[in-house]
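Beneath this line is the structure, given in C-alpha cells, with notes to follow.
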Amino acid sequence: MQERYDPQAIEAKWQKFWADTRCFAAVTGAEKPKCFPMIEFPYPSGQGLHVGHPRPFTAMDVIARKRRLEGYNVLYPIGYDAFGLPTENYAIKTGIHPAKVTHDNIIRFRSQLQRLGYSFDYSREVNTSDPDYYKWTQWIFLKFFEQGLAYKAEIPINFCTSCKVGLANEEVVDGVCERCGGEVVRMVRSQWMLKITAYAQRLIDDLDTVDYLEKIKAQQVNWIGRSEGALVNFLIKDADEKLTVFTTRPDTLFGATYMVVSPEHPLIEQYHDRIANMAEVHAYQKAAAIKSDFERSELAKDKTGVPLVGICAINPVNGKEIPVWTSDYVLTGYGTGAIMAVPAHDERDYAFAKAFSLPIVEVVAGGDIEKEAYTDCAHGKMVNSGFLDGMDVDKAIPAIIDWLVKEGIGERKVNFKLRDWVFSRQRYWGEPIPLVYCETCGWVPIPYDQLPLELPMLDDFSPTDDGSSCLARAKDWLHTTCPKCSRSATREADTMPNWAGSSWYFLRYTDAHNDKEFASREALDYWTPVDWYNGGMEHTTLHLLYSRFWHKFLFDLGLVLTSEPYMKRTSHGMVLGSNGEKMSKSRGNVVNPDDYIPTYGADSFRTYIMFMGAFDQPIPWNELGTRGCRRFLDRVWALQDMVNGTGDTDAEMKKKVHAAIKKVGEDYERMKFNTAIAAMMALTNDFYAKGTLTKDELHTLTVLLSPVAPHISEEINEALGFSPLMEQPWPVYDESALVEDAVEYGIQVNGKVRARITLSLSLDTKAVEEAALSCEEVKPHLEGKTVRKIIVVKNIINIVVG
RNA sequence: GCGACCGUGGUGGAACGGCAUACACAACGGACUUAAAAUCCGUCGGGGAAACCUUAAGGGUUCAAAUCCCUUCGGUCGCACCA
C-alpha cells in the first residue's frame, strides 16, 4: 500500500534532484540534435509572479520536457527584462536604488519559478540591467551608430506639467498623466532614432520564411503598412518652390481642388511674411500642439483648419490655381506631411471640403458625390481628367505615373506607416547611451574597450525640471572628455528604452557568460535560431518587430547566421481575474501562484493552468479548478495500488493506451494542452473502471504526464523501478494496436440520427447499407418513402429518402 | 470608423463539414463514518403530452453545418484621420 500523495515532499525531493544533477543545463555542441524553445522573459516587478506568468512558462516547459524525452539537446532559458518604469518610479518614491530593488525582486522570482518545477537552464540566466549584459546592448547600439542607422531628430514627447517628467504613451490615460492626473503636453526634444524603416520591406517579405500564427503575421504586415503610390510636386505660385505630396491615388490628380499641410509643416514658417492671416495660423498651430493624441482622435469627426491666405499652388496636370490650407488631420509623420485633397474621392477630404465649402470635382464615375465621397478604386472610369478620360482606374494609375515621370514632376513611391523607432528615454533606469557630445567633433562614440558605460550611483532619482532624467544632474558623470580630441565633452543624458535589452537576449542565452563577444560564433552556430518562441499578442508589433529588426541588422554585419531570429511564434491568451477582468493591482484581482502551491502542490497548479481552457484564448482564473486537478493527480497516485504484478494486458486496454499516446503527443504539439490532459484523465478513468493495470501501462501514463506534472511522474516512475525520466524515451504508439475490427455507425435518415449499430469492418459497403436498412429503429422512418441514395462515410450512414 | 478573433449546459470548455455537449467544476443521490471532511459508486443542458425542437438571431450552400457563405445583434483585442 502506497502512502498518501504528498506533493510538498515529492516536489522538494525532485527539485533538489534536478538541481543537483544539473540535468537541464544545456551543453553547447552536444551530438544530439538541438532544440531551443523560449518564453518571453519576465519583468521582475515588486509583486512577484502572478498566475498569468505560469501559463506560457508551463506550456513551453511541456514542449521542452517532451523534446528531451524525444532525444533532443534542449536549451530552455530564463532571464529578466529588468530595466523599466515601475522600478524607477518605486525608486523615486522610496529612494531605494533600482538595482537593489531589481536584485531583490529577481531573487523572489527565481524562487517562485523553482517551486513550480520548470526545467530552465538557470546557469544561463540573463539580466538586462547587469553591466555585463548591457555592455553588449551598448555595443550593438554603437554598431547602429557606425552604420548611420542611429540619428538624432526633433521629436515631441509627452510631458506631464505637474510631475515634470516625460511619459511613455501608455502612461498617458485619457489625455492626462496616469499617476497624478496632471495636464500632459507635447514637448519637442532632440532624440536618438533607429532607422527601422530601412528594413520595412524585408520585415514584410521574410515573414514568408517563418512559421508564425497567421494573425501574428497579419498584424505585423498591417503595422508596417506598405502602400504604393507616387510623389507629386506642386508649384507654389509666384515662388520658386515646390510642395511635394504623397498619394496612393495619383489617378485622381485632376480632382485635386486644394492642398493641406500639417500644422508643423516648414512651408508655413518659410512663407510667414506672405501669409496674410499669420496670427490666425499661429493660433491654430498652437491649438494643435497642445492637443493630445487622445483629443485629436476624439475630435475626429469635426474637421478644423485655416487657409494660408496668400499662398496658392498650381495643379501640375491642368495648371489650375488651388488654395493651400493647414489642418491637423494631416500628420507630420506620414508621407511628406502635405496632401493634395481630392474631396470627390476621399472621405476626409470630402468632410473638410463640405465644412469649408471648397469645390468638389468628380474624376471617377460610378458614385454619387452629392452624397458622399466615392472611394472605390477597383471599379469606375475616369472623367474630367484630360488624357485619362475613359480609362479604368487600374489603368489610369500607371498611365499618370508614367506621365509624371516623363514630365519630371513626380515619381513612383512606396510608403510605409511604420516610423523610425524613438530610442531615447528621459529616464534613469535604462542603458546609458554610449555617446558623448563634443563641440568640435560632434557626437562621438565611446571606444569599445571602455564599455560598459555604467549608470552612475545616485541617491535621488527624481527627474529635473526640464524633463531630463536625473542623469542630467550627475555632473561628475556627465562631464567627460572627447575620445577623439580630448577636449571637454558631455555625455548623452538620455537612456535607451526598455525594448533595447529584449531585442537580442535570445542570442545571449547561447553563451551567457562570454566576456569577449556577445556570444561566440560556435554557440550561435549551434543554438540559433530559436526554434519556438511563445509570447503575448501585445508584443507582436513592438518587441517582436524590434527584435527581428535588430537581428536582421546583425545578420547584415555578419554577426549572426540567420536573417530571422525565431522560426516559430505562437501566443497565449491572458489569464484574467476571477471576475473576468484583466488582472491588475489597481483592480485588486491579482492571483499569486504561491497561494495555491502549499495547498495543492505545483503539479496540480501546473495541470490546472494547462487544463483550464484553450491555450490561445483569454480565461478567468477559478480556484476550484485546481482542486479538480489535484483530485486527478490523487487518482493517478492511487493507481500504484492497482498495478497487477503479472503484467498481463488485453487488446482493449492496449488500444486505449496507444490511442492516448497518439492523442497526448499530437495535442501537446498543437498546444491543445487541455484536451491532452482530458485524454489522460479519461485513460485514468478507464484504468479505474477495469480495476487493474500493468506496470508498463502506469509507466506509459507517467511519461505522458511528465511534461505537465513532472514531480509526481518522477516519483511514480521511480517507485515502479525505472531510471529517472530524463533517460526515458517518449512513447511511440503502435499503429496496429489502434486498428479497429468493428465500428459503431450512426445511422441517419435525411441527416437525422435514428439509430446506432456496430458492424464489423470486414463488411463491404453493400452489406453495411443492408444492415442499416434492416435496422428496427430505422424502418419507421422509411415507411412509404423511396430510398434515393445511401451515403456511407467513416462512421456515418446517411439514408436519403424522398 | 478600420482590421483580427469570438459567441456551445448552472460554470470552464470538447467536437478533420459526419452520432453536439468529451474532460472537468458546481449541484444532487447513495456507500463508508458516531458525525463531518476525504474517498468510492451513481444522476446531471433546456423546452415539449408527443412527434420533435434547440450551438447568439435570421437566411443560404450540402446527403449532412456549432463548423463553410451572407445579413443582423453582442463581445474581446489591436490600430486610431496613414492621403
Side-chain angles (χ1 to χ4, degrees), chain A residues 4 213-216 218-219 221-223 225-227 229 245-250 252 256 259-260 293-294 296-301 303 327-331 333-342 345-349 351-352 375 415-419 536-538 540-541 573-574 576 580 582 607-608 611-614 616-629 631-632 634-635 638 672 674-685 688-689 744-756 780 788-802:
Chain A
R4 234 177 111 78
L213 291 181
E214 278 310 315
K215 62 177 174 180
I216 295 176
Q219 235 184 68
V221 169
N222 289 341
W223 182 267
R226 180 194 153 98
S227 57
V245 301
F246 171 73
T247 176
T248 54
R249 293 296 300 279
T252 62
M259 300 185 80
V260 188
D293 288 342
F294 176 76
R296 282 204 186 193
S297 62
E298 276 298 283
L299 297 171
K301 295 283 183 285
K303 293 282 180 284
S327 170
D328 63 5
Y329 85 94
V330 172
L331 308 175
Y334 185 74
T336 62
I339 62 159
M340 64 176 211
V342 185
H345 305 289
D346 182 281
E347 282 170 26
R348 295 150 301 171
D349 297 347
F352 192 82
T375 57
N415 219 343
F416 296 96
K417 282 190 220 171
L418 184 69
R419 304 192 207 161
M537 278 308 283
E538 68 275 21
T540 303
T541 49
M574 205 180 286
L576 308 171
K582 196 166 162 176
T607 305
Y608 178 56
F611 180 67
M612 62 198 298
D616 58 348
Q617 298 298 122
I619 183 122
W621 174 256
N622 172 10
E623 178 188 346
L624 292 170
T626 317
R627 202 153 86 188
C629 287
R631 220 173 271 165
F632 163 58
D634 277 328
R635 279 161 69 80
K672 298 275 190 180
N674 52 338
T675 50
I677 292 166
M680 291 184 282
M681 288 172 169
L683 182 64
T684 303
N685 292 345
Y688 270 80
E744 190 192 39
Y745 286 94
I747 307 177
Q748 303 178 335
V749 179
N750 284 351
K752 293 205 164 46
V753 178
R754 301 299 181 185
R756 284 146 226 261
R788 294 263 167 83
K789 199 164 30 163
I790 302 179
I791 294 160
V792 181
V793 195
K794 287 174 216 170
N795 52 357
I796 288 290
I797 304 165
N798 192 9
I799 303 167
V800 185
V801 298

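Scope of the values below: all heavy atoms of this structure, side chains included, with no hydrogens, waters or symmetry mates. On a predicted model such as this, the values are computed, not experimentally measured, just so you know.
A side-chain donor-acceptor contact under 3.5 Å links N750(A) to the backbone of V801(A). Side-chain atoms of N798(A) do not come within 3.5 Å of backbone N or O of I791(A) as any donor-acceptor pair.
Nucleotide A27(B) has U43(B) as its partner under the Watson-Crick or G-U criteria, with both atom distances under 3.5 Å. Base pairing analysis places G78(B) opposite C2(B); the two distances defining the Watson-Crick or G-U wobble pair are each below 3.5 Å. Base pairing of G9(B): no nucleotide in any strand meets the Watson-Crick or G-U wobble criterion (both distances under 3.5 Å). Base pairing of A64(B) is not made with any nucleotide, judged by Watson-Crick or G-U wobble geometry with both donor-acceptor distances under 3.5 Å. In this structure, U71(B) and A57(B) make a Watson-Crick or G-U wobble pair, each of the two defining distances being under 3.5 angstrom. The nucleotide G17(B) finds no pairing partner, because no Watson-Crick or G-U wobble arrangement with both distances shorter than 3.5 Å includes it.
Residue N622(A) contributes atom CG, which lies 9 Å from atom C1' of A26(B) at whole-angstrom precision. The distance between atom CD1 of I677(A) and atom P of A22(B), rounded to the nearest whole Å, is 18 Å. Rounded to whole Å, the distance from OH on Y745(A) to C1' on A64(B) is 17 Å. For the pair F632(A) CZ and C40(B) P, the interatomic distance rounds to 13 Å; values are reported in whole Å. Atom CG of D616(A) and atom P of C77(B) are 16 Å apart (whole Å). Between the CG atom of L683(A) and the C1' atom of C23(B) there is a distance of 13 Å, rounded to whole Å. Atom CG in N798(A) sits roughly 11 Å away from atom C1' in U62(B) (whole-Å rounding). Summarising the geometry, the separation between CZ on R348(A) and C1' on G1(B) is reported as 12 Å, rounded to the nearest angstrom.
Base engagement by I791(A) is indicated by at least one non-hydrogen atom pair under 4.0 Å involving a base atom. Within the nucleic acid shown, N222(A) comes within 4.0 Å of sugar-phosphate atoms alone, with no base atom in reach, counting heavy atoms only. In this structure, F611(A) reaches the bases: a heavy-atom distance under 4.0 Å links it to at least one base atom across the strands shown. Within 4.0 Å of V793(A), counting heavy atoms only, lies at least one base atom of the nucleic acid. Here E347(A) lies out of heavy-atom contact (under 4.0 Å) with every strand. Residue contacts shown for A638(A) are absent, as no nucleic acid heavy atom lies under 4.0 Å away. Using a 4.0 Å heavy-atom cutoff across all strands shown, M537(A) reaches no nucleic acid atom at all. Heavy atoms of G628(A) sit under 4.0 angstrom from primed sugar atoms or phosphate atoms, though from no base atom.
The nucleotide whose nearest atom lies closest to any side-chain atom of I796(A) is, among A83(B), C25(B), C19(B), C19(B). Considering only the side chain of F246(A), A83(B) comes nearest among G18(B), C23(B), A83(B). In this structure, the nucleotide among C81(B), G13(B), C23(B) sitting nearest to the side chain of I619(A) is G13(B). When the nucleotides A26(B), C23(B), C81(B) are ranked by their closest atom to the side chain of L331(A), C81(B) comes out on top. Proximity note for Y688(A) (side chain, C-beta onward) versus G3(B), A83(B), C41(B): the nearest is C41(B). Here the side chain of T675(A) is nearest to one of A14(B), C63(B), G18(B), namely A14(B). In the set A83(B), G18(B), C81(B), the nucleotide with an atom closest to the side chain of T248(A) is A83(B). When each of C63(B), A83(B), G12(B) is scored by its nearest atom to the side-chain atoms of V330(A), the top-ranked nucleotide is A83(B). Minimum atom distance to the side chain of N795(A) is reached by G18(B), of the listed G13(B), G18(B), A83(B).
For R754(A) against C19(B), a side-chain-to-base donor-acceptor contact under 3.5 Å is absent. The base of C52(B) lies outside donor-acceptor range of the side chain of K752(A), with no N or O pair under 3.5 Å.
A66(B) sits 7 Å from U8(B) when the C1' atoms are compared, rounded to a whole Å. Going from the P atom of A4(B) to that of C69(B) covers 12 Å, rounded to whole Å. Annotation: A64(B) and C53(B) have their P atoms spaced 14 Å apart (nearest Å). Distance noted for atom C1' between C41(B) and U34(B): 23 Å (whole Å). If you take atom C1' in C63(B) and the same atom in U54(B), they sit 22 Å apart, rounded to whole Å. With both ends at atom C1', the span from A15(B) to A24(B) equals 16 Å, rounded to whole Å. Across A57(B) and A36(B), the matching P atoms stand 44 Å from one another, rounded to whole Å. With both ends at atom C1', the span from G17(B) to C68(B) equals 8 Å, rounded to whole Å.
For T541(A) and G78(B), the shortest distance from a side-chain N or O to OP1 or OP2 is not below 4.0 Å. An OP1 or OP2 oxygen of G12(B) is reached within less than 4.0 angstrom by no side-chain nitrogen or oxygen of N674(A). Proximity of R631(A) to the phosphate of A38(B): no side-chain N or O atom is located under 4.0 Å from OP1 or OP2. One finds a side-chain N or O of N685(A) lying less than 4.0 angstrom from the OP1 or OP2 phosphate oxygen of A24(B). Under 4.0 angstrom from either OP1 or OP2 of C82(B) there lies no side-chain N or O belonging to R226(A).
Along RNA chain B, the nucleotide nearest to R756(A) and the one nearest to Q617(A) differ in position, and the one closer to the 5' end is contacted by Q617(A). Taking for each of I339(A) and W223(A) the nucleotide of RNA chain B with the nearest heavy atom, the 5'-most of the two is the partner of W223(A).
Of all non-hydrogen atoms in F246(A) and T336(A), the two that sit nearest each other are N-OG1, 3.8 Å. Counting all heavy atoms, side chain and backbone alike, V330(A) lies closest to G337(A) at CG1-O, 3.5 Å. For Y688(A) against A638(A), the heavy-atom pair with the smallest separation is OH-CB, 3.4 Å. Residues M259(A) and V245(A) approach most closely at CE-CG1, 3.5 Å, considering heavy atoms. Considering every non-hydrogen atom in both P620(A) and M612(A), the closest pair reads O-CE, 3.7 Å.
Using a 3.5 Å distance cut-off with no hydrogens or angles, the side chains of R635(A) and N685(A) do pair a donor with an acceptor.
Taking the six-membered ring where the residue is Trp, the centroids of W621(A) and Y608(A) are separated by under 6.0 Å.
Annotated as syn: G9(B), whose O4'-C1'-N torsion sits within 90° of 0.
Few gaps surround CD on E744(A); more than 12 heavy atoms of other groups in view lie less than 6.0 Å from it.
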